[in-house]
2 protein chains.
Amino acid sequence: MSLINLSVDCVILGFDDDQKLKILLIKKVINKKGDIQYAIPGDLLDNDEDLLSGAKRILKNLTSLNNLYLKQFKAFGDPFRTKDVKDQSWLNMYRKNPKERVVTVGYLSLVKMEDYVPQASSFALDAEWIDLDKIPEDLAFDHNEIISSGLRYLRTQLDHKIISNLLPSKFTLSQLQYIYEILLDEKLDKRNFRKNISKISVIKKTKEKQEGVAHKPAYLYTYEKEKL
Amino acid sequence: MSLINLSVDCVILGFDDDQKLKILLIKKVINKKGDIQYAIPGDLLDNDEDLLSGAKRILKNLTSLNNLYLKQFKAFGDPFRTKDVKDQSWLNMYRKNPKERVVTVGYLSLVKMEDYVPQASSFALDAEWIDLDKIPEDLAFDHNEIISSGLRYLRTQLDHKIISNLLPSKFTLSQLQYIYEILLDEKLDKRNFRKNISKISVIKKTKEKQEGVAHKPAYLYTYEKEKL
DNA sequence: TCAAAAGTGTTGCATCTACACCCATGG
DNA sequence: CCATGGGTGTAGATGCAACACTTTTGA
C-alpha cells in the first residue's frame with residue numbers, strides 16, 4: 001500500500017539589517033530536556049490541501065510570514081530521510097506515526113526585510129535568521145540537502161521576478177548588485193552592472209535618495225511590479 | 001491526518017522512424033465495456049521506495065523501458081486532480097481507495113529510438129507513440145497539464161545531458177540540430193550550429209560515416225557519456 | 001546526370017569586459 | 001578634512017548573426 005505522509009519544507013531567504021543574505025531557520029525542542037535543533041520551516045500537509053496552499057499555511061503558522069512568492073523546486077522522497085537517529089526523539093514527541101515515511105516537497109521563498117521584523121513574541125523564540133555561510137550542519141532530517149538544492153535552483157533560475165522579492169520596495173543599485181553577487185557567487189563590475197540594469201525596463205529610478213548615510217547618498221530604485 | 005497516495009507519472013519523449021518528436025502514451029481500459037483512455041505511464045509508489053526508483057520500476061512495468069535518464073520536474077498536488085467525473089470509472093476498477101487523493105511527482109524521460117521498438121507483444125497493445133501535436137485533450141487526470149509542464153521544463157532546461165538521451169549512440173550533426181530545432185521551436189543556421197558544437201568538448205567526431213544514403217554521407221558523432 | 005543532404009569561412013555588428021577618478025555626505 | 005560608498009565613459013576584445021557554394025553519394 002502506498003499511503004505516505006506528505007509535508008512541505010520551505011527555504012526562506014531574506015536580507016537582514018546588516019545587509020547579509022540570510023536563511024530563516026526555526027528552533028525545535030527535540031526532547032524533554034529542552035535540547036534544540038534547527039530546521040527549515042515545514043510541516044505535514046492537511047488533507048485536501050493543495051501543495052502551495054499548504055506551504056503558505058505552514059509558513060504563516062510557523063513564521064507569521066504572509067503573501068510570499070513561493071516556488072516549488074523539488075520533491076524529496078528518500079524513504080530513509082526521516083530515519084536518522086538524531087531525528088527520532090523529535091518525531092516521537094510530535095508525530096502520531098513517527099516511524100512512517102515522509103515525502104516532502106521543497107518550496108523556495110524570498111522575503112523582503114521590511115516584511116518581516118523579528119519581534120520579542122513567542123515566535124521570536126522559535127525562529128532565527130542565520131547567515132548563509134553559518135548554517136549548522138546537523139539540521140533536522142535532510143534539511144541541509146534541501147537548502148543546497150533550493151539555492152542551486154535559485155542560482156540557475158535567477159531573474160528579476162525572483163530577486164524583486166528579496167529587496168525592499170525602494171532599494172539602491174548597490175543592494176541589487178550585492179544580491180546578484182551573493183547568488184551568483186562572483187564579483188561584478190559596478191559600471192557594467194549598472195549599464196545592464198539601465199536596460200531593464202521594469203527597474204525605475206525614483207527621485208528619492210538614501211538619508212543618513214556617511215557618504216554620498218544613493219538614488220533609490222524600484223521595480224514596476226505590475227510589469228514583472 | 002495527512003496520509004496521502006503518492007504516485008509518479010512520466011513524460012517520455014522519443015524519436016520515431018519518421019523523425020518526429022513523439023510522446024509515449026499508454027492505453028487504459030476504463031470500464032467493463034472495454035472503453036479506453038490515454039494516459040502517460042505512471043502508478044502508485046511502493047512503500048519504502050525512493051521516488052526515482054519508483055519511476056524506474058513503474059516505467060519498466062508499463063513499457064519495458066529500462067536504463068533511462070529520468071529527471072524529476074514537478075510535483076502535482078491539487079486535491080481534486082483525480083476527482084474529474086471522467087476518471088472515476090477507472091479508479092473504481094483498479095484502485096483500492098478510489099476516492100482518496102493522489103499527489104503525483106512528474107518525471108521527464110527521453111529515449112533513443114534504438115532502445116525501444118514497439119513489438120506485437122502484449123505491451124504493444126498498451127502503449128503507443130503519439131505525435132506531440134496530436135495528443136488527445138482528454139488524457140486521464142491532469143496528464144495534459146503534466147505533459148505541458150514537462151515540455152516547458154525541457155525547453156527551458158535544454159542541455160546536452162538531456163539531449164544525449166534522445167539520440168542513438170552515433171548520430172549526425174543534422175540529427176542533433178534537428179532535435180534542437182524541434183525543442184527550441186526555431187530554425188538554426190547550419191554553419192553557426194556546427195561552430196558551436198565544435199566547442200562542446202563532450203561531443204566527438206568518429207571516423208565512421210553514414211551508409212546507404214542517397215547523398216553525401218555524414219560523419220557520425222558521439223557523446224562522451226562519462227563526461228556529461 | 002540529377003536530387004539530396006553534407007560540409008565549410010568571412011565580415012559586419014552588437015555585446016561584453018576591463019579599467020580609474022571625482023562626488024556628496026556624516027562624523 | 002577624512003572616510004565611505006556613489007556615480008560615471010571608453011576602447012579593445014569577443015561573440016553572434018547572416019550569408020552561398022562545392023562535395024559526395026544512390027538512384
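Every chain is numbered from 1 and lettered A, B, ... according to where its sequence line falls, protein lines coming before strand lines. Only heavy atoms go into these numbers, but all of them, side chains included; no hydrogens, no water, no symmetry mates.
Summarising the geometry, the separation between CD1 on B:Ile197 and P on C:dT8 is reported as 14 Å, rounded to the nearest angstrom. Atom pair B:Lys205:NZ and C:dA6:C1' shows a separation of 10 Å (rounding to whole Å applied). Taking atom CD on A:Glu211 and atom P on D:dT4, their separation rounds to 22 Å, with Å as the unit. Atom-to-atom, NZ of A:Lys216 to C1' of D:dC2 comes out at 17 Å; the value is rounded to the nearest Å. A straight line from CD of A:Gln177 to P of D:dG7 spans 11 Å, rounded to a whole angstrom. Summarising the geometry, the separation between CD on B:Gln210 and C1' on C:dG7 is reported as 12 Å, rounded to the nearest angstrom. If you take NZ of A:Lys209 and P of D:dT4, they are 22 Å apart, rounded to a whole angstrom. Atoms CG (B:Leu220) and P (C:dA6) sit 11 Å apart, rounded to a whole Å.
Here the CG-OG distance, from B:Asn165 to B:Ser109, works out to 9.0 Å after rounding to the nearest 0.5 Å. Atom OG of B:Ser149 is separated from atom CG of B:Leu154 by 11.0 Å, given to the nearest 0.5 angstrom.
Using a 3.5 Å distance cut-off with no hydrogens or angles, the side chains of B:Asp9 and B:Thr104 do pair a donor with an acceptor. In the model, A:Tyr221 has no side-chain atom that pairs as donor or acceptor with a side-chain atom of A:Gln175 under 3.5 Å.
Distances were taken from every side-chain heavy atom of B:Ala214 (C-beta onward) to each of D:dG6, C:dG26, D:dG26; the shortest belongs to D:dG26.
The shortest non-hydrogen separation linking B:Asp189 to B:Gln177 is C-NE2, 4.0 Å.
Checking A:Lys190 against B:Tyr221, the closest nucleotide of DNA chain C that is more toward the 5' end is the one next to B:Tyr221. Ranked by how close their nearest DNA chain D nucleotide is to the 5' end, A:Arg191 and A:His215 are led by A:His215. Two residues, A:Gly212 and A:Asn196, neighbour DNA chain C, and the one matched to the more 5' nucleotide by heavy-atom proximity is A:Asn196.
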Between the protein and nucleotides 10-14 of chain C, list every N/O to N/O distance that falls short of 3.5 Å.
unit_1	atom_1	unit_2	atom_2	d
C:dT10	O4	B:Lys195	NZ	2.8

Listing time: all N or O pairs from protein to nucleotides 12-14 of chain D that are below 3.5 Å?
none

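Taking side-chain N and O atoms only, A:Arg194 has a distance below 4.0 Å to OP1 or OP2 of D:dG7. Dashed line: the shortest gap from a side-chain N or O of A:Ser174 to OP1 or OP2 of D:dG6 is under 4.0 Å. In this structure, A:Lys199 reaches the C:dC16 phosphate: one of its side-chain N or O atoms is under 4.0 Å from OP1 or OP2.
Under the 30°/60° scheme for interplanar angles, the aromatic rings of A:Tyr180 and A:His160 are found to be tilted. The aromatic rings of A:Phe171 and A:Tyr223 sit tilted relative to each other, their planes meeting at an angle between 30° and 60°.
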**Asked** Are A:Arg81 and A:Asp142 close enough, and set up right, to give a salt bridge (Lys or Arg N to Asp or Glu O under 4.0 Å), and what steps lead you there?
**Response** CA-CA 6 Å; A:Arg81 58 177 290 279; A:Asp142 53 356; 2.8 Å; yes
**Message:** Applying salt bridge (Lys or Arg N to Asp or Glu O under 4.0 Å) to B:Asp131 and B:Lys134, what does each step give before you reach the verdict?
**Reply:** CA-CA 5 Å; B:Asp131 277 10; B:Lys134 287 176 190 146; 3.3 Å; yes
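Annotation: cation-pi pair A:Lys28/A:Trp90 present, NZ/CZ under 6.0 Å from the ring centroid and within 45° of its normal.
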